[in-house]
Each structure stands twice: as structure tokens, then as C-alpha cells.
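Take a look at the structure below.
Residue numbers start at 1 and run along the sequence shown. What you see is a predicted model, and the numbers here were worked out from it, not measured in a lab. Just so you know, these numbers use all the heavy atoms, side chains as well, and skip hydrogens, waters and symmetry mates.
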Amino acid sequence: MRAWRLLNIPLAEHRTIRPQVAYALAAFEEVAKFLPEGEDSIPADRFTSELGRALYEKDLTRFTRERIEDSLKRGQAILVDLDHFSPPMGSFPGAGRSAARDPYISPRTL
């Protein structure tokens, strides 16, 4: 998902790209599972596919804890904003969520 696409879609249509954002977020969640406790990056031996090793060798910074956690936070925030400004049909912003369960929602946004 390119940021320019999100910026150029009317707010009312943002829900059309939500599945793509959710899919990307799920991919980052999966990558985060390979971060060993207390380590700053994913070790090279965790990459088993040729594509994975090639991506790792091309840019080691893609697999640092800081970058992965930042991507997770941004993806979660984007989903919250999408739901707030363009809720699914038949719902309303904040439905089913609470500030206590979702750190990206403040009581002001519900």
C-alpha cells in the first residue's frame, strides 16, 4: 500500500483499502515472531527461503526490532484512523473497541 494512494482516496472510500492495510500489518506481526527475546534484530539463520535471505542481505535494517515495531505501530494507527473516518457500513467509529484494550484509541476518538 503506497501512502500516496491513501492520501488520494476520499475519506468515505478509505474502507476499500482496509483489507490491504490489515494484510500488511499481519505480515509485520508474523515477521516480529522471529525476533528473539532481548535481541535487536532477526538473526540471519532465521531466513530459510532464497527470497528471505536476499531481502535480508539487501537491507539488514528492514529486520531490526526498532523498524519492525515502528511499522506495527504505524499500521495499527492507520487501521484505527481508517475505522474512525470511514467505518464499515452499519457500524460507527469505535464500535467494539475501547481505550482500555486498544492503546491507539483515546477516549476523545470514540
- Task: Please step through side chain to side chain contact (heavy atoms under 4.5 Å, CB included) for the pair Ile78 and Leu82, ending with a clear verdict.
- Result: CA-CA 6 Å; Ile78 289 170; Leu82 287 173; 4.0 Å; yes
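Looking at heavy atoms from C-beta onward, Asp40 lies out of side-chain contact with Glu66 at the 4.5 angstrom threshold. The closest side-chain heavy-atom distance from Asp83 to Arg18 is below 4.5 Å.
Taking a cutoff of 4.0 Å between a charged side-chain nitrogen and a carboxylate oxygen, Arg53 and Glu50 do not qualify as a salt bridge.
In terms of modelled atom types and a separation under 3.5 Å, the side chain of Arg65 and the main chain of Pro36 share a donor-acceptor contact.
Interatomic distance, Arg67 CZ to Glu69 CD, rounded to the nearest 0.5 Å: 13.5 Å. We find the NZ-CD distance between Lys73 and Gln76 to be 9.0 Å, quoted to the nearest 0.5 Å.
Relative orientation of the Tyr56 and Phe47 rings is tilted, given thresholds of 30° and 60° on the angle between their planes.
Cluster membership for Leu72 and Tyr23, using ILVMFWY side-chain heavy atoms within less than 4.5 angstrom, is not shared.
Across all their heavy atoms, Arg62 and Ile68 have their closest contact at O-CG1, 3.9 Å. Taking both residues in full, the closest heavy atoms of Val31 and Phe63 are given as CG1-CD2, 4.4 Å, listed atom of the first, atom of the second, then distance.
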